2 protein chains.
Amino acid sequence: MAGRITSVEVARRAGVSRSAVSRCFTPGASIADDTRKRVMDAAKALGYRPNAIARSLIAGRSRMIAVVVAYLENQFYPDLLARLADELQARGYHLLLFTGPSDGNSDALFAQILAYQVDGIVLASTSLSSALADECNAAGIPVVLINRTNDRAGVSSVTADNRNGARALADFLLAAGHRRFGYVAGSAGSSTNQDRETAFRERLAERGVTEVLREDGLYSQAGAAEAARRLLGRADRPDAVFCANDHMAIAVMDTARHELGLRVPEDVSIVGYDDVGPARWPSYALTSVEQPVGTMVDLAVAALLDRIEGREAAARIARVPGELVVRASARRPEHGVVRVDGRDVWRP
Amino acid sequence: MAGRITSVEVARRAGVSRSAVSRCFTPGASIADDTRKRVMDAAKALGYRPNAIARSLIAGRSRMIAVVVAYLENQFYPDLLARLADELQARGYHLLLFTGPSDGNSDALFAQILAYQVDGIVLASTSLSSALADECNAAGIPVVLINRTNDRAGVSSVTADNRNGARALADFLLAAGHRRFGYVAGSAGSSTNQDRETAFRERLAERGVTEVLREDGLYSQAGAAEAARRLLGRADRPDAVFCANDHMAIAVMDTARHELGLRVPEDVSIVGYDDVGPARWPSYALTSVEQPVGTMVDLAVAALLDRIEGREAAARIARVPGELVVRASARRPEHGVVRVDGRDVWRP
DNA sequence: ATCCTCTTTGCACTCGTGTGCAACGCAGCA
DNA sequence: TGCTGCGTTGCACACGAGTGCAAAGAGGAT
C-alpha cells in the first residue's frame, strides 16, 4: 500500500514503454543493453519489484508449491520441511504450508490449495494423503508423496526402502540372539507402517520365527507409551522391540526404563526407524535405520519440477536405501557391524 | 492447465452475468437468493473455485503471511510453526514459509517476500530479524517478531517474559542452595539471550552472587556440548548451569552425564528455558521456564491481523509470562514448589 | 394509475504484468 | 540508392476477478 511502484512508473522515469520494463525482468527477452541499463537504474531508484501475483496470473504459473504436513512433533518432519524450503527457494519456487486438518475434513484444505493455483503439491504423511493426492492429480496438479505411497497411477512418491530396512533390522536382531519380538505400529493406514511391519514379519518367518507381539502406537508418543506398557508389562514380554519410527521408539525406551524399571538393552533391545536427531542423543543412542532426508527431498523436488516444467510427464516412484546405524539401544551382534564414515553400521 | 474453469463459464451456464458470480463468492454482496442458488449449482457442477491469485491482484491483499524461521531442529520452532499455520488457516490466511538464509544474504529473501505481496510477516528468530524487520516495516508491511524484540518503532513483537523467567530461575537455584553458577549463552545478538542472561546475573547480584561463568553455545547442540566441556571440565566447575534454551540444555545434560561422568542433579543442576517436548521426556526431566507457544501465537496473529485489517495501526509489544516447571534435572528447594494442574511449579 | 423506494443486475473499468504482432531503425550488401 | 534482414520497441490484448454506477425490476403507498 502507500504508493506501490509499478512498471508504469519505472517506464515513465526511464523514458521507455512498459513493455520494455517487463522485458528487462524476463530472462531471454529481446532488449538493448543501454535500454536495460536505463530501466534497471530507474527500477533501483524507485525500489521497484515485479509483482509476483500479477505475473502468476498472466503466466498461469504461480511458482508456489503447496506442502501439507502433520506430526511436526516428530523431528523427521521439521527436518524435511527445512530442506524442502531451502531446495525450493534455491530453484525459485516458494512454499505454501498447510497443516493436515485435525477435523479430518480434506475438502476445505483441497479448496484452498486449488484456489492458490499452486504449481505442485508435496504431501508428507498426512492421514488424508491418498484422498488428497487423487483429487489433486485429477485436477491436473503434479503431486509427490513423501514417506507414503499410493497405488494410483499418476502420483509420484519418495519413500525409504522400508522393506529392506525392516528386513535388515530383523537380521540384526536375530544375529544378536533375540527370539521373542514385539512391534509397535504406526497408523494402520500408512503404507510405510505396512511395509515395515510386513517385511519385518516376513523376514523373521523366513528364519523360523512366526510370532511377533503387536501393539498400536499410532505414531504418537502417548500411544507408544501405552503400547510399551501393554507389551513390556506382560510376563512373557519380548526381548526385542521394533518401533515403526524413532519418535515412538524414544517413548518406548523412556517407558521401559523409567516406568517399568527395565534396562535397555540388557533386558530389552529397542530399535527404530528414521535416525532422527534425538536418536543420536547419548541418552537414547537408538539403533535405527536412517531415512536420508536430503536425498529424499532432492528426489521429490526433481520429480515435481520435471513434471511442472514439462521435462517429463510420467509419475516417478523412488525408494531410497538407508544404513542400519548401530548404537547402544539394542544388543550388538558379534559380527557384521563395521565402522563407516564415523558411524557403526550393519553390513552382514 | 487443461481447461481451468473461470467465472465466465459459470456465468454462462447459470445464465447470469459474470458480476453475479463474483458477488456470490463475496460475503455481504447484494444478490438474490434464487440467483445465488443457480450460480452455486453451476459452480458445483463445473467444479469452479475462485482464483485466489486474480482476487489478490484486484483486492490488493493476498491473504498470505510470510513466515521466516531458522533453527527448525529446536523443537520450539516446529511447535510454533504448526500453531501458526493452524491459526492463520482458521482465519482465512495462508502461510508462505521462508527459511533464514544460511548465506546471511537477507536482500534476496526480502525481494522474494515483497514480490509476493504478502499482507504481513512473522519473523521467528532468525539472525537477520532486525534488518529484515526494518526493511519490511519501511515497505509498509506489518511485521511481528516472535521470540525477539527490536527497539525500532513500528515493529510488533511477542516474547516470553524473559527477564522475570530468568529471575525466577536464579531464585529457584539459590533456594536449592547453589552458589557457583554457569551460563550457556545463545547467540550474542539475540535480544532473548541478552534478556535472560542480564536478568539472571542481576538477580544473583542482588542476592550477593557476582560471579557467573559464561560459555557460548550459539543456540546449537554442538556448540552447547563444547560449552559444557569447557564449563564442567574445569576444577572449580559450577554446580548449577542455566542454559539459554532447552535445546542446548539437553546437549549440556548429555555431555555432563555421558562424557564427563557427572550425575545430574547430584553433581550439577541444569535448567533451561522454553519447556519444549523433549524437556518432558523422562530421560531429561528438565526443569525449565515454559514459553507458552499457544498464547504467543495467538497474540502474534492478533497483532498482525489487527494491523492488516485496519483495526489498529499501532505496533504492539507483548511479553507473556510462563511458569517455572520443576522436574528432576535440578536440585529441588525445600519450599516453594507446588503442584498445579498436574505439574510441579515454582511459586515461592 | 402514478410515483417512489429498495433490491437486484449488468456494463465497464480496474488491478499489474506478459507477449504476439507489426512498425521502426540501422547496418550490410548489391 | 534501394533492398533485405535483424534486433528493438511500442501497441494492444489477455489473464481472472472485484466493484461503482446506473438501469431495470418489484413492490408498496397514495
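Remember, it's a predicted structure, so these values are computed and weren't measured experimentally. Throughout, a chain's letter reflects where its sequence line sits, starting with A, and its residues are numbered from 1.
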Without decimals, in angstroms, what is the distance between [X] [atom1] and [N] [atom2]?
{"X": "A:R55", "N": "C:dG16", "atom1": "CZ", "atom2": "C1'", "answer": "11 Å"}
{"X": "A:F25", "N": "C:dT19", "atom1": "CZ", "atom2": "C1'", "answer": "17 Å"}
{"X": "A:Y116", "N": "D:dA17", "atom1": "OH", "atom2": "P", "answer": "14 Å"}
{"X": "B:R12", "N": "D:dA17", "atom1": "CZ", "atom2": "P", "answer": "13 Å"}
{"X": "B:R63", "N": "D:dA17", "atom1": "CZ", "atom2": "P", "answer": "17 Å"}
{"X": "B:R23", "N": "C:dT9", "atom1": "CZ", "atom2": "P", "answer": "9 Å"}
{"X": "A:E9", "N": "C:dG16", "atom1": "CD", "atom2": "P", "answer": "8 Å"}
{"X": "B:R61", "N": "C:dG16", "atom1": "CZ", "atom2": "C1'", "answer": "18 Å"}

How is [X] classified with respect to the nucleic acid when contacts are heavy atoms under 4.0 Å: base, sugar-phosphate, or nothing?
{"X": "A:V8", "answer": "nothing"}
{"X": "B:S22", "answer": "base"}
{"X": "A:A59", "answer": "nothing"}

**Message:** Please compare B:I31 and A:S7 by the position of their nearest nucleotide in DNA chain C and report the one closer to 5'.
**Reply:**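 First, find each residue's nearest nucleotide; the 5'-ward one identifies B:I31.
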**Request:** Could you check if a side-chain atom of B:Y116 sits within less than 4.5 angstrom of a side-chain atom of B:S62, using non-hydrogen atoms only?
**Result:**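 Answer no - side chains too far apart.
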**Item:** pair B:L96-B:I65: side-chain heavy atoms closer than 4.5 Å
**Value:**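 They are not in side-chain contact.
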**Request:** Under the ring-ring contact (aromatic ring centres under 6.0 Å, His included) rule, collect the residues that match up with A:Y77, sequence neighbours excluded.
**Result:**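 ring-ring contact (aromatic ring centres under 6.0 Å, His included) list for A:Y77, sorted by chain: empty.
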**Test ring-ring contact (aromatic ring centres under 6.0 Å, His included) applied to A:F98 - qualifying residues, sequence neighbours left out** = B:H94
**Complete:** Ordered by number, residues from residues 34-53 of chain A within less than 4.0 Å of DNA chain D (heavy atoms) are A:T35
**Item:** Distance test, side-chain N/O of A:S17 to OP1/OP2 of D:dT9, below 4.0 Å
**Value:** no
**Message:** Between A:S30 and D:dT8, is there a contact of a side-chain N or O with OP1 or OP2 at under 4.0 Å?
**Reply:** yes
**Item:** A:N147 and A:T159: side chain donor to acceptor below 3.5 Å
**Value:** no
**Prompt:** Between the side chains of B:Y71 and B:S220, does any donor sit under 3.5 Å from an acceptor?
**Reply:**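 There is no such pair (donor and acceptor under 3.5 Å, judged by atom type) between the side chains of B:Y71 and B:S220.
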**Item:** Separation of B:F110 CZ from B:D134 CG (nearest 0.5 Å)
**Value:**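 Answer for the CG-CZ pair, B:D134 versus B:F110, is 10.0 Å.
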**Message:** I need the B:D306 CG to B:R311 CZ distance, nearest 0.5 Å.
**Reply:** 4.5 Å
**Asked** Stepwise, does the side chain to side chain donor-acceptor pair (under 3.5 Å) test hold for A:Y48 with A:T6?
**Response** CA-CA 7 Å; A:Y48 168 75; A:T6 73; over 6 Å; no
Between the protein and nucleotides 12-15 of chain D, list every N/O to N/O distance that falls short of 3.5 Å.
none

**Item:** Inter-axis angle, terminal five-pair segments of the helix from C:dA1-D:dT30 to C:dA30-D:dT1 [nearest 10°]
**Value:**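 The value is 50°.
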**Request:** With sequence neighbours excluded, tell me which residues meet side chain to side chain contact (heavy atoms under 4.5 Å, CB included) with B:R91.
**Result:**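 Here the qualifying residues are B:E87, B:Y93, B:V301, B:L305.
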**Item:** B:R319, CZ: over 12 other non-hydrogen atoms inside 6.0 angstrom
**Value:**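 12 or below, so no.
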**Request:** Of all the heavy-atom pairs spanning A:I121 and A:C136, show the shortest one and how long it is.
**Result:**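 Minimum heavy-atom separation between A:I121 and A:C136: CD1-SG, 3.1 Å.
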